[in-house]
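Shown next, in C-alpha cells, is the structure this report addresses.
Everything numeric in this text was worked out from a predicted model, so none of it was measured.
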Amino acid sequence: MIDLRLVQKTPELLAKALADRHSSQDVAVFHQLDETRRRLLGEVEALKSQRNAASTEVARLKRAGESAEHMMEELGKLSARIKELDVATEDAKLAVESWLMQTPNIPDVSVPVGRDETENPEVVRWGKGRDFDFSVREHWEIGSALGGFDFERASRLTGSRFVVMLGWAARLERALVNFFLNAHMEEGYQEIAPPYMVNRATMTGTGQLPKFEEDLFKLEGWDYFLIPTAEVPLTNMHAGEVLDEQDLPRGYCAATPCFRSEAGAYGKDTKGLIRQHQFIKVEMVRFAHPDDSFTQLENMRRHAESLLERLELPYRTIVLCTGDMGFSSAKTYDVEVWLPGQNTYREISSCSNCTDFQARRANIRFRSGSAKPAFLHTLNGSGLPTGRTMAAVLENYQQKDGSVRIPKVLVPYMGGQEVIEP
RNA sequence: GGAGAGGUAGCGAAGUUGGCCGUAACGCGCUCGACUCGAAAUCGAGUUAUCGGUUUGUCCCGAUACGUGGGUUCGAAUCCCACCCUCUCCGCCA
C-alpha cells in the first residue's frame with residue numbers, strides 16, 4: 001500500500017507512476033473519495049464532541065441527585081444521528097482504503113519507463129550456450145525419455161500442469177533444494193520451514209489480495225489459501241512487529257511448494273516444467289533499512305546469479321520496465337536462464353525491492369534508538385525454483401547419446417552420480 | 001471435538017455493582033537529569049498510536065482505539081450475542 005499522505009500531498013508524482021505502469025487507477029477518483037471521507041469525519045466528530053460533553057454533564061447531574069431526563073431525550077436523537085453518520089464515514093473510509101489497496105507501488109526513479117516486456121533493458125549477460133553437434137531436445141523430452149518425468153500419470157492423479165518425478169529426477173530436485181539452501185545459509189540467510197497455507201490477512205500483507213484472488217488456490221470451507229510463493233509467509237513473519245534497527249538487514253530463506261492457478265495462462269507453456277500448478281521454489285526474503293534497501297537488492301540479485309554461475313548455466317539479467325513490473329515492487333530484476341532446447345532465455349529468478357509497500361500493509365516497522373518506529377523495506381527473490389532449474393540443467397547438459405551430465409557442484413548432492421543414463 | 005482460564009501501552013499486570021479509568025494504578029524496559037573519576041545501586045522527571053482541524057513547527061483543539069465484529073444504553077474495558085486467537089486438562093490422531 002502506498003502512503004496516504006503521499007497521495008494527498010504529491011498527487012502528480014503518483015499520477016505519473018500510474019501512467020508509466022499503464023494502471024487504470026485514477027488519482028482524481030482518490031481525491032473525490034478522500035474529500036468525502038474528511039468532510040463526513042469532521043461532521044461526525046463535531047457531533048461526538050457534543051455528545052461526550054453532554055454525557056459528562058448527565059453523569060454530574062446524576063451524582064448530584066438531580067434529574068437529567070430532559071437531556072437524555074435530546075441525546076437519544078443526537079446518538080441516532082451519529083450512528084447514521086458513523087456508517088457513512090466508515091463507508092467513505094473503506095472506499096479510500098480500497099482505492100489504496102488497488103494501487104500498485106511507485107517505481108523507483110532508476111526504473112526505465114516502458115510499455116511491456118519488450119522494453120526491458122538487459123544489464124548482465126553471463127556465459128554462452130554450448131555448441132551442439134546434434135539436434136537439441138527440450139527438457140520434457142529428455143526427462144521423459146530418461147524415465148524421470150511422468151506427465152501422463154500426473155494428469156491422471158490430478159490434472160494438467162502437474163508432474164510425477166521418479167528416481168533420479170526426484171533426487172535431483174532434492175539435490176537442488178539442498179544446494180540452494182546451503183548457499184543461502186552461507187550468505188547469512190536463516191532457513192525457515194513455514195506453513196504452506198496462510199490466512200487472508202497474510203495474503204493481503206504481501207499484496208496477493210485483494211486484487212489477485214483468482215490466481216490463488218483457496219481451501220473449501222476455510223479462509224485459508226495455498227501459498228503461491230514462500231515470499232508470503234516469510235515476509236509476513238514480522239507482521240505487526242517492531243524490529244530493532246540493529247537487526248537489519250535480516251534475511252530468511254525457505255524451500256516450499258508453490259501453488260498457482262495460472263488463470264489466464266491457458267495454452268501458454270503447456271508442456272514441461274515451465275508453468276505448473278505446483279512447483280518447489282527456494283525463496284529469499286530480506287528486511288532492510290530504507291537507506292540500504294537498493295544495495296540489498298543488488299546483493300540479492302548477485303546471490304541468484306551466482307547460483308547459476310556455480311551450476312554453469314548461461315543467463316542474462318534484465319530490469320523490468322515500468323509497464324512490466326509486479327504490483328508490489330518498486331524495482332525488479334529478472335534473471336533469465338538459457339534454454340537451448342527452446343533457443344531462448346526464460347525467467348528463472350525475480351528479485352524485487354518492495355520498499356515500504358508491503359511493510360505498510362503488513363505493519364512491519366523498525367526502531368532506531370528512541371525514535372518513532374518507521375516502516376522498513378522488504379525484498380524478495382527466487383533462489384531458485386527447482387523445476388525451471390532442472391529444465392535448464394537437462395537442456396544445457398544433454399549429450400548426443402541421450403544421457404545428461406550432472407553439474408559438478410551437484411554431484412556430491414547426487415551421491416557421486418555424474419551422469420544420468422538411459 | 002469436550003471442559004476450564006485468558007486476550008488492556010515495548011513487556012508484565014491492575015481495573016468487571018456501566019459515568020473524573022485510558023496521555024491506563026503498580027512493576028520492568030527505554031529517554032533525560034542528579035549523585036559518581038566512571039559505572040552499578042539509589043533518587044527525580046519524562047515515555048501510546050492513528051485519524052481530522054490548524055500548521056506544514058513532534059504547540060494547540062477534537063475524535064477514535066481495552067482480541068475482532070455486532071447489540072443494549074444519554075453513556076460500555078465493564079452488560080448481551082457471534083467469531084478469532086493463546087494457555088491448561090481430556091478425547092482423537094500422522
**Request:** Check side-chain hydrogen bond (donor to acceptor under 3.5 Å, both in side chains) between A:Thr204 and all other residues, then give those that pass, not counting sequence neighbours.
**Result:** none

**Request:** With P as the reference atom in both, quote the distance from B:A9 to B:C81 in angstrom, rounded to an integer.
**Result:** 25 Å

**Request:** Rounded to the nearest angstrom, tell me the gap between atom CG in A:Leu243 and atom P in B:C11.
**Result:** 14 Å

**Request:** Taking only Lys NZ, Arg NE, NH1 and NH2, and the carboxylate oxygens of Asp or Glu, determine whether A:Asp86 and A:Lys83 approach each other closer than 4.0 Å.
**Result:** no

**Message:** Between the side chains of A:Lys93 and A:Glu97, is the shortest nitrogen-to-carboxylate-oxygen separation below 4.0 Å, so that they form an ion pair?
**Reply:** no

**Fill in**
Side-chain atoms of A:Ser49 come closest, of B:A63, B:G52, B:C74, to B:A63

**Message:** Rounded to whole Å, please give me the gap between CZ in A:Phe375 and P in B:A49.
**Reply:** 13 Å

**Message:** If I pick the C1' atom on B:G27 and the same atom on B:C83, what distance separates them, to the nearest angstrom?
**Reply:** 34 Å

**Request:** With sequence neighbours excluded, tell me which residues meet salt bridge (charged side-chain N to carboxylate O under 4.0 Å, His left out) with A:Glu283.
**Result:** A:Lys281

**Asked** For A:Phe327, which residues count as a ring pair (Phe, Tyr, Trp, His ring centres under 6.0 Å) partner, sequence neighbours excluded?
**Response** A:Phe212, A:Phe357

**Request:** Return no unless some side-chain N or O of A:Arg5 is found under 4.0 Å from OP1 or OP2 of B:U56.
**Result:** no

**Item:** C1' atoms of B:U68 and B:C61, separation to the nearest Å
**Value:** 31 Å

Can you give the donor-acceptor pairs under 3.5 Å from side chains of residues 381-389 of chain A to other protein atoms, not counting sequence neighbours?
unit_1, atom_1, unit_2, atom_2, d
A:Ser382, OG, A:Ser350, N, 3.0
A:Thr386, OG1, A:Glu173, OE2, 2.5
A:Thr386, OG1, A:Ile280, O, 3.1
A:Arg388, NE, A:Ile274, O, 2.9
A:Arg388, NH1, A:Glu347, O, 2.9
A:Arg388, NH2, A:Ile274, O, 2.8
A:Thr389, OG1, A:Pro385, O, 2.5

**Complete:** Hits for side-chain hydrogen bond (donor to acceptor under 3.5 Å, both in side chains) against A:Ser293, two or more places apart or cross-chain, chain-then-number order -> A:Asn353, A:His377

**Request:** Nearest whole angstrom, please: distance from the P of B:C51 to the NZ of A:Lys93.
**Result:** 10 Å

**Message:** Work out how far the C1' atom of B:G52 is from that of B:A39, and round it to whole angstrom.
**Reply:** 48 Å

**Message:** Does a side-chain N or O of A:Asn52 approach OP1 or OP2 of B:G62 to a distance below 4.0 Å, or not?
**Reply:** no

**Fill in**
Considering only heavy side-chain atoms of A:Ala59, the closest of B:G19, B:U56, B:U64 is B:G19

**Asked** When you check the gap from the basic side-chain N to the acidic O, do A:Lys48 and A:Glu45 get nearer than 4.0 Å?
**Response** no

**Asked** Roughly how far apart, to the nearest Å, are B:C11 and B:A25 at atom P?
**Response** 15 Å

**Request:** Go through residues 34-46 of chain A and report each residue with a non-hydrogen atom lying under 4.0 Å from RNA chain B, sorted by number.
**Result:** A:Arg37, A:Arg38, A:Leu41, A:Glu45

**Request:** List the steps and the verdict of salt bridge (charged side-chain N to carboxylate O under 4.0 Å, His left out) for A:Lys271 and A:Glu141.
**Result:** CA-CA 10 Å; A:Lys271 285 188 171 175; A:Glu141 292 180 78; over 6 Å; no

**Fill in**
RNA chain B nearest-nucleotide lookup for A:Ala53 and A:Leu75: closer to the 5′ end is A:Ala53

**Asked** Do the side-chain N or O atoms of A:Arg200 get closer than 4.0 angstrom to the phosphate oxygens (OP1, OP2) of B:U68?
**Response** no

**Fill in**
Residues passing the salt bridge (charged side-chain N to carboxylate O under 4.0 Å, His left out) test with A:Glu213, sequence neighbours excluded, are A:Arg200

**Request:** Please state the P separation for the pair B:A14 and B:G7 - nearest whole angstrom.
**Result:** 8 Å

**Prompt:** Partners of A:Arg405 by salt bridge (charged side-chain N to carboxylate O under 4.0 Å, His left out), sequence neighbours excluded?
**Reply:** none

**Fill in**
In whole angstroms, the gap separating P of B:U50 from CZ of A:Arg365 amounts to 7 Å

**Prompt:** Can you check the A:Arg51 CZ to B:G19 C1' distance for me, whole Å?
**Reply:** 14 Å

**Item:** Listed partners of A:His303 passing ring pair (Phe, Tyr, Trp, His ring centres under 6.0 Å), at least two apart
**Value:** A:Tyr189

**Request:** Let me know the distance between CD of A:Gln8 and C1' of B:G52, rounded to the nearest Å.
**Result:** 10 Å

**Message:** What's A:Lys62 touching, base or sugar-phosphate or nothing? Going by heavy atoms closer than 4.0 Å.
**Reply:** base

**Request:** Give me the residues of residues 78-85 of chain A where at least one heavy atom lies under 4.0 Å from an atom of RNA chain B, by number, or none.
**Result:** A:Ser79, A:Lys83

**Prompt:** Rounded to whole angstrom units, what separation is found between the CD atom of A:Glu90 and the P atom of B:C51?
**Reply:** 15 Å

**Message:** Once ring pair (Phe, Tyr, Trp, His ring centres under 6.0 Å) is applied, do any residues pair with A:Trp140, and if so which ones, sequence neighbours excluded?
**Reply:** none

**Message:** Quick check: on RNA chain B, is the nucleotide nearest A:Lys9 upstream (toward 5') of the one nearest A:Met71, or the reverse? Name the residue that is more 5'.
**Reply:** A:Lys9

**Item:** A:Asp86 CG to B:U73 C1', straight-line distance once rounded to whole Å
**Value:** 15 Å

**Prompt:** What would the secondary structure line of RNA chain B be in dot-bracket form, counting Watson-Crick and G-U wobble pairs under 3.5 Å, with [ ] for pairs that cross earlier ones and | for pairs with another strand?
**Reply:** ((((((((.[[[..)...(......]]]((((((.......))))))((((((......)))))).[[[[[..)....]]]]])))))))....

**Message:** For the P atoms, the ones on B:G10 and on B:C85, what distance do you get once it is rounded to whole angstrom?
**Reply:** 24 Å

**Message:** Would you measure the distance from the P atom in B:G69 across to the matching atom in B:U64 and give it in whole Å?
**Reply:** 15 Å

